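First up is the structure itself, then whatever we jot down about it.
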2 protein chains.
Amino acid sequence: MLEKRRADILDLINREKTVRLRDLVERYDVSDETIRRDLRSLERAGYLVRVYGGATLPNMYGAEPRYEMREVINLKEKKLVAKAAQPFIHDGDSLFLELGTTTLEFAKLLHVHNDLTILTNSIPIADVLINFEKFNVWMIGGHVRKGERATSGFLAEQTIDQFNVDKLVMGVGGVNREGWITDYHSEEANARRKMIKRSRHIIALADYSKFDVTALNQICPLSSVDILVSDEKIPHPYKRILAEAGTELVIAR
Amino acid sequence: MLEKRRADILDLINREKTVRLRDLVERYDVSDETIRRDLRSLERAGYLVRVYGGATLPNMYGAEPRYEMREVINLKEKKLVAKAAQPFIHDGDSLFLELGTTTLEFAKLLHVHNDLTILTNSIPIADVLINFEKFNVWMIGGHVRKGERATSGFLAEQTIDQFNVDKLVMGVGGVNREGWITDYHSEEANARRKMIKRSRHIIALADYSKFDVTALNQICPLSSVDILVSDEKIPHPYKRILAEAGTELVIAR
DNA sequence: CGCCATTCGAACAGATATAATCATAGACTA
DNA sequence: TAGTCTATGATTATATCTGTTCGAATGGCG
């Protein structure tokens, strides 16, 4: 009976994830065209997806963006900004390097230096840096967040409190006209505030897209930032805002 | 079936980070050209990057050092040993996972579990684990050694001392007839001793090549080890030696 | 640097699956 | 009994997948 067979096929595929037309033909002893009609019908009803040679449950991999290959937005600007920030680092410095794509680009540029001590909570950044043998690299431990591939939490904060470094290099989530730096990641926000406290100089990297953006978490006022590196497209009023806050603005070209 | 095979390959590479064409050919019993077509297709879809002899995951950050498909010695035995150790883990466990290629293989097998809390000092292991969303992953901070891509030093030790876990899973440098486990990495030795102290159960992974080897650093006596997993080629006298030490021997087959 | 083994890409051919179409059998109804 | 409707089977042209062959490219090793 048709209805029974189709319900049965549905059962089967839900258990097995995939079914082969060949097997179904044999199992129900009907022609392959009949099975094909069944599958077509079930597909139209949305229960499965037909594939060459059988069918599978929807979303095997075709639709599932397991690896969002989000190419990094504004990568060109980020690289530029990173490059403009690099001269502020000197051999012998100790640094906090915060997670972020801009800071990752920055990390890649550090190979020209010698004798740096670098503390980071970002796994990709640590991964880049350990290829430069001449550095002293410390990974800040803590809870690992999948999204950012970086650590945070009480363990990270407690670790940060044990160090005093020359410079913190950080990306930002947003900068607004009230003169505040904000960020999206609540978990990391605390760690970042602690880093700020523990660093003699603060260098913030922010391409033009970060301005007039207010993210969820207040991080620090602009006046806490010594140097802010951006690019030529920085919105005009910020030159004044930064000057008032006593922050040196560096434009990458 | 084509779609099934490709989805399967995708699963595999997401767990293993790299796949070899040769292995896939054997696993699916199809021609190498077919696998090549699969990989080409998956590459076009952005799910992986083809490399000579196989494929690897795309590096999401644009410039991480590429996971090369370097040959690990005794990889087959290591995989076997890791597989034999996996059943000793139970949902809900908390684990220390030490650095090492065997423990890395072990980590890849953990996806069958739920609700694990895992602390590791190995960057590659953390990298594998954060893809399994259902785990609580903690990176142990510390000084990053290039050779091992893992952390050690006072910071690591101090972090370890803040935890008590159910099980420690560790590789070993060597096991000798005097009943001692030894290791090559002096820096990690201290951290490892602390982990041992902080773990209720100790599981050691040692393929046959590790026996009758004495490395520089004494780690612990065999009697501290609850379960030792090895393979069929384990030298004969060790069955007695382990029995005398009160260590359960598990042979991977 | 050159040699060797392995891997790769292109092209073709054979096998298998699919879509479109028509034919048939049985059930129900008028 | 004839009409018609539905599920199924059969036929054929087309599309897709796969294995094989062979020359070129690549990587490892002396």
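Note that the structure is a prediction, hence the values are computed from the model and not measured. In the text below, chain A, chain B and the rest are named by the order of the sequence lines, each starting its count at 1.
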Item to check | Under 3.5 Å side-chain donor-acceptor pair for B:Tyr28 and B:Asp38 | outcome: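 Absent: no donor and acceptor within the cut-off.
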
Checklist entry - A:Glu43 CD to C:dT18 C1': how many Å, rounded? => result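 Atom-to-atom, A:Glu43 to C:dT18, this comes out as 13 Å.
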
Item to check | Gap between atoms CD and P, on B:Glu3 and C:dA17 respectively (whole Å) | outcome: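 B:Glu3 atom CD is separated from C:dA17 atom P by 15 Å.
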
Next on the checklist: For the backbone of A:Ile140 and the side chain of A:Thr151, can you confirm whether one donor and one acceptor N or O come within less than 3.5 Å of each other?
Outcome noted: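 Yes, the answer is positive, given that a donor and an acceptor are paired below the 3.5 Å cut-off.
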
Checklist entry - Are the side chain of A:Ser122 and the backbone N or O of A:Leu99 linked by a donor-acceptor pair below 3.5 Å? => result no

Next on the checklist: Reading DNA chain D from 5' to 3', where do the contacts with chain B start and stop? Cut-off is 4.0 Å to heavy atoms.
Outcome noted: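 It runs D:dC17 to D:dG27.
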
Next on the checklist: Among B:Leu116, B:Ile118, B:Leu110, exactly one meets side chain to side chain contact (heavy atoms under 4.5 Å, CB included) together with B:Asp93. Which residue is that?
Outcome noted: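 When B:Leu116, B:Ile118, B:Leu110 are each tested with B:Asp93, the side chain to side chain contact (heavy atoms under 4.5 Å, CB included) holds only for B:Leu116.
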
Checklist entry - Is it the case that more than 12 heavy atoms not belonging to B:Arg5 sit under 6.0 Å from its CZ atom? => result yes

Item to check | Greater than 12 external heavy atoms within 6.0 Å of A:Lys134's NZ | outcome: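 Enclosed.
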
Checklist entry - Does a salt bridge link B:Arg36 with B:Glu43, judged by any charged N lying under 4.0 Å from a carboxylate O? => result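 No, this pair does not count.
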
Checklist entry - Going by the salt bridge (Lys or Arg N to Asp or Glu O under 4.0 Å) test, which pairs reach into residues 96-105 of chain B, not counting sequence neighbours? => result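 Salt bridge (Lys or Arg N to Asp or Glu O under 4.0 Å) check on residues 96-105 of chain B returns B:Lys79-B:Glu105, B:Glu98-B:Arg192, B:Glu105-B:Lys108.
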
Item to check | Sequence-aligned protein contact record of nucleotides 2-15 of chain C, with B where the base is within under 4.0 Å of a protein heavy atom and S where only the sugar-phosphate is | outcome: ----BSBBB-----

